[in-house]
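Throughout, protein chains are lettered first and strands after them, A, B, ... in sequence-line order, and every chain is numbered starting at 1.
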Amino acid sequence: MENKIKVYNTLSQQKEDLIPYNGKTVRIYACGPTVYSSAHLGHGRAAITFDVITRFLRKVGYKVEYARNFTDVDDKIINKSRETGIPTEEIARIYTEEYKNDMFNLGVETPTYEPKVTEYITEIIDLIKTIIEKGHAYPSGGDVFFSIKSFNGYGKLSKRTPDEMLAGIRIDINEKKEDPLDFALWKGSKPGEPWWESPWGKGRPGWHIECSAMSMKLLGKSFEIHGGGKDLIFPHHENEIAQSEAATRVEFVKYWVHNGVIQINREKMSKSVGNIINVKDALSIWSKEAIRLFLLSHHYQNPADFSESAMDESETALERLYIMLKRASNLTIESKKEDIELQNSLNLFKTKWIESMYDDFNTADAVGQLFDLVRATNRSIDAFGWTTTLKETIKEIRSLGSTLGILELSPDDYLKKEKLSKKPIDIDEEEISHLIEERTAARKQKNWKRADEIRTYLDSIGIILEDTSKGTIWKVKS
RNA sequence: GGCGGCGUAGCCAAGAGGUAAGGCAGCGGUCUGCAAAACCGCAAUACCCCGGUUCGAAUCCGGGCGCCGCCUCCA
């Protein structure tokens, strides 16, 4: 096995060995949402990407300090407040809570820190003061701007020079700026906007400064991984680097990690196109684990094209995993038998899925390894039933599962309850049991007509019956 | 226009110099009262095109074509 985790760094455009600044501690900052509307699958993907990275790093022995912020003061929140008449703080509070719920429902573990911008205003003001003192920013008419010309690495993350940026510029000319590419660190507040006292008058933070202030406060001047969606590379992350390094004169972040965007029909999911799928809505149709499996079947850097049929396929694929676990749990006779062939598959799997994850967190490859092993496991169950090897195999499969955040339910909970909750079916479990009993009796008398009637009826309302050597079991149709 | 990326069977998707994982859909078989599930097999000479480097290219280089992202708020 490779002894170093490889991670693709947007800054160098290469995979690099993950070498923390200090021992085995990895500090991660991932950009969270601006809380002015419901979380969509794009937010979900970003959260799940860094959730899995965190879970894996911890699994292989790293200490991970993970911060994910809430931007709770911003133009978009102010606009939303104007449209709805709801105070900005209330809008921020509502969507912050909703985001936390949505992420919980997606099985995303809570980060170590969840800072809010409004709780770090002092740090933000101090940081801006430092940047001004070092000659990289200037107050102008109540605002403070960062001078991109004063920072000679500007553009190093997004791979473009200021001249190239200027060529395609579409932002409004702002008289207060010395250079059209300069961006606001602090914005003087207009009437009715949230504001804080500052050396430059009443105002609020610009968009990018909060992430620099909060990440450096919580994780230190230099930390290992900074993440977010690819759409944040420019200008957000580019500006963060400029601000932070202008203030500290040391490397801000060692590895920049960006996840691909969600697409619908090969087009980016975005508000302007109007093709947003909210996390809540997706969760009302598909299980959280099917959503995770769908996302994790793509490499985190690639775009993931979302569609109902693709999601249905993921649900079916997940069901295949749970059916295998169900078949295994149905075996009651313990024995000391071993299965050499399964043992070989298991040994291969143990090495390969870890290797896949070591290679830039390649969950899609790991998922492929998993399905390989599932076939071998089913084969073993058919041939030998319960073996000590099977027990070991299930344990290893659960181990990958806990890294990806899937297979965390009991097979019955998934095959029945989870799916019943997604597909409201007009029958309860007790009634199903009664019908199954009746059918079993009919089958004993070889009354196939009645037996098939019952099965057909249940099938028509979405319940599938399976006759096994241990009796009839049921599950909810996909 | 500038910068970055993508193009792998019917669909989705890994792989990034050594002869192409996996999932879904389809078809045939085993098993079953019939099914389902599972397993076995088929479709399957699947790497956008044209050049080049190499003993060897899906992978590296050059040139096309098509698509996408960023350059304005995005995760």
Contact under 4.0 Å: [X] side-chain N or O vs [N] OP1/OP2:
X	N	answer
A:K268	B:C70	yes
A:N378	B:C39	yes
A:R68	B:A75	no
A:R379	B:A38	no

Quiz item: A:K76 or A:E319: which one's nearest nucleotide on RNA chain B is closer to the 5' end?
Solution: A:E319
Exercise. Identify, between A:V367 and A:G260, the residue whose nearest nucleotide on RNA chain B lies closer to the 5' end.
Key: A:V367
Is it true that [Y] and [X] share a donor-acceptor pair across their side chains at a distance under 3.5 Å?
X	Y	answer
A:D467	A:T472	yes
A:N69	A:Y29	yes
A:W474	A:E429	no

Quiz item: In residues 291-303 of chain A, what residues come within less than 4.0 Å of RNA chain B, judged by heavy atoms?
Solution: A:S297, A:H298, A:H299, A:N302
Quiz prompt | Partners meeting side-chain contact (heavy atoms from CB on, under 4.5 Å) with A:K475 (sequence neighbours left out) | solution = A:E319, A:I323, A:L415, A:I464, A:E466
Quiz item: Looking at B:A13, B:C24, B:A75, which one has an atom nearest to any side-chain atom of A:A364?
Solution: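 Nearest nucleotide to the side chain: B:A13.
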Practice problem: Identify which nucleotide among B:C3, B:G22, B:G23 has an atom closest to any side-chain atom of A:E164, counting heavy atoms from C-beta outward. | Solution: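 For A:E164, the side-chain atoms sit closest to B:C3.
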Could you tell me whether the side chain of [X] has a donor or acceptor atom within less than 3.5 Å of a complementary atom in the base of [N]?
X	N	result
A:R443	B:G33	yes
A:D365	B:G22	no
A:R455	B:A35	yes
A:D467	B:C34	yes

Self-check item: Pairing of A:D51 and A:R55 as salt bridge, 4.0 angstrom limit
Solution: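 A salt bridge is present here (some side-chain N lies under 4.0 Å from a carboxylate O).
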Quiz item: Is the shortest distance from a Lys or Arg side-chain nitrogen in A:R450 or A:E453 to a carboxylate oxygen in the other one below 4.0 Å?
Solution: yes
Quiz prompt | Value in whole Å for how far the C1' atom of B:G1 lies from CG of A:L166 | solution = 14 Å
Self-check item: ring centroid sep under 5.5 Å plus plane angle under 30, A:F371 with B:G22
Solution: no
Once you apply the 3.5 Å cut-off to both distances, tell me the Watson-Crick or G-U wobble partner of [N], or none.
N	result
B:C42	B:G26
B:C3	B:G69
B:U32	none

Quiz item: So which of A:D17, A:L57, A:I53, A:D359 actually passes side chain to side chain contact (heavy atoms under 4.5 Å, CB included) with A:I5?
Solution: A:L57
